[in-house]
Amino acid sequence: CGCQRDMTHGSRSALTLSVVTQTPAVIFRSWSPEREAKGIAGEFDLGEMKEDVDYYFPPSGLTRTVLPFLRWAFDRQELEEAVWVSLNRDAPRNARLGSIRLRFVAVESSLAPGYGELKESLWLLFHDVPNPDEEMERIWEECLGDYHGVNRALAEAVEEVEREVDPDVYYVHDFQLTPLASKLRVLKPKLFRWHIPFTETSLRYERVCNPLVELINQYDAVVVSTRRYSENMRRAGVSVPTHVLYPYLDRSQYREPDPL
């Protein structure tokens, strides 16, 4: 009708949000560039595909929290638009899942081994099972460039979203994307959700922890799951505001626990 929709929640306008993750919202069972050539305006509507036949939702804790959160925010009219940017080589560049626009990023395959080895080392460190010191030093020296390379590719995609969609806020998820804010030239607020533990053990590995803290401080705020993780971040040198909030869960997806 030519009228602009006025989506408000109380006195607040609904937001345009860009979510950035390593894990994609969906994984396609088979994909080829020839299929993308048949897309309408370069965007594939998953509503016209069959779940578990053409695509499936990855068994990731992140997907099981982010996707329900976005749907909840749309239902409450907190969001006007959402663009989810993630890694996914075997996917169309653009797709749509209901109200959520999906932007998939294919990085150079040469970056994958080093990126994977460094992020695995970080996961072990922050779960209190670190690699031996010499091994951790080797990984940090040999793989750091690939780790930053993957984040640089995602940053380029995010800046495309900035030009095309003009989001109000960027919501970046988990330790794999810690460097992302340092590579972005956008001035919008950048919120970082750290999903894994931030334990006392990690504080002893200053060679790794200190550079990560510098990268975390490039965000405008950080969200963690427990007060202890927030306190440890402060001890490590994180200076931006930290907030303690448990990840969103759609309780309808879970049954009540059996009585003891």
Evaluate the side-chain proximity of [Y] to [X]: yes if any heavy-atom separation is below 4.5 Å, no if none is.
{"X": "Arg138", "Y": "Glu117", "result": "yes"}
{"X": "Val224", "Y": "Val244", "result": "yes"}
{"X": "Thr16", "Y": "Leu79", "result": "no"}
{"X": "Pro58", "Y": "Thr23", "result": "yes"}
{"X": "Val161", "Y": "Arg101", "result": "no"}
{"X": "Leu97", "Y": "Phe57", "result": "yes"}
{"X": "Tyr115", "Y": "Cys143", "result": "no"}
{"X": "Asp133", "Y": "Tyr205", "result": "yes"}

Whether over 12 other heavy atoms sit under 6.0 Å from Arg207 CZ: yes
Flag if over 12 foreign heavy atoms under 6.0 Å of CD, Glu108: no
Please name the pair of heavy atoms, one in [X] and one in [Y], separated by the smallest distance, quoted to 0.1 Å.
{"X": "Leu122", "Y": "Trp140", "value": "CD2-CZ3, 4.1 Å"}
{"X": "Ala95", "Y": "Pro92", "value": "CB-CG, 4.4 Å"}
{"X": "Glu206", "Y": "Pro211", "value": "O-CD, 3.7 Å"}
{"X": "Arg89", "Y": "Ala106", "value": "CA-CB, 4.0 Å"}
{"X": "Trp194", "Y": "Asp174", "value": "C-OD1, 4.2 Å"}
{"X": "Pro24", "Y": "Thr63", "value": "O-OG1, 3.6 Å"}

Determine, using the 4.5 Å side-chain heavy-atom cutoff (strictly less than), whether [X] and [Y] are members of one ILVMFWY cluster.
{"X": "Trp84", "Y": "Val26", "result": "yes"}
{"X": "Leu70", "Y": "Val158", "result": "no"}
{"X": "Leu67", "Y": "Val85", "result": "no"}
{"X": "Val107", "Y": "Leu154", "result": "yes"}
{"X": "Val83", "Y": "Val19", "result": "no"}

Whether Asn131 side chain and Ser121 backbone form a donor-acceptor pair below 3.5 Å: no
Side-chain donor or acceptor of Asn210 paired with backbone N/O of Gly237 under 3.5 Å: no
From CA spacing to verdict: side-chain contact (heavy atoms from CB on, under 4.5 Å), Arg193, Thr21: CA-CA 10 Å; Arg193 164 60 99 160; Thr21 67; over 6 Å; no
Distance flag, aromatic centroids of Tyr248 and Trp72, threshold under 6.0 Å: yes
Criterion side-chain contact (heavy atoms from CB on, under 4.5 Å) on Glu159 and Leu184, from CA distance to verdict: CA-CA 7 Å; Glu159 291 183 348; Leu184 291 176; 4.2 Å; yes
Rounded to the nearest 0.5 Å, what separates atom [atom1] in [X] from atom [atom2] in [Y]?
{"X": "Ile216", "Y": "Ser239", "atom1": "CD1", "atom2": "OG", "result": "10.5 Å"}
{"X": "Glu214", "Y": "Cys209", "atom1": "CD", "atom2": "SG", "result": "10.5 Å"}
{"X": "Asp90", "Y": "Asn88", "atom1": "CG", "atom2": "CG", "result": "6.5 Å"}
{"X": "Leu118", "Y": "Glu141", "atom1": "CG", "atom2": "CD", "result": "11.0 Å"}
{"X": "Thr242", "Y": "Asn232", "atom1": "OG1", "atom2": "CG", "result": "11.0 Å"}
{"X": "Glu80", "Y": "Phe74", "atom1": "CD", "atom2": "CZ", "result": "9.0 Å"}

[X] vs [Y] aromatic rings, parallel, tilted or perpendicular, using cut-offs 30° and 60°?
{"X": "His127", "Y": "Trp123", "result": "parallel"}
{"X": "Phe192", "Y": "Tyr219", "result": "parallel"}
{"X": "Phe198", "Y": "Phe126", "result": "tilted"}

Pair Glu231 + Arg228, salt bridge at N-O below 4.0 Å: no
N-O pairing of Asp220 and Lys188 below 4.0 Å: no
Audit row: Arg152, His148, side-chain contact (heavy atoms from CB on, under 4.5 Å) steps and yes/no: CA-CA 6 Å; Arg152 190 174 299 110; His148 280 277; 4.1 Å; yes
Thr65 vs His195, side-chain contact (heavy atoms from CB on, under 4.5 Å): CA-CA, chis, key distance, verdict: CA-CA 11 Å; Thr65 60; His195 283 277; 4.3 Å; yes
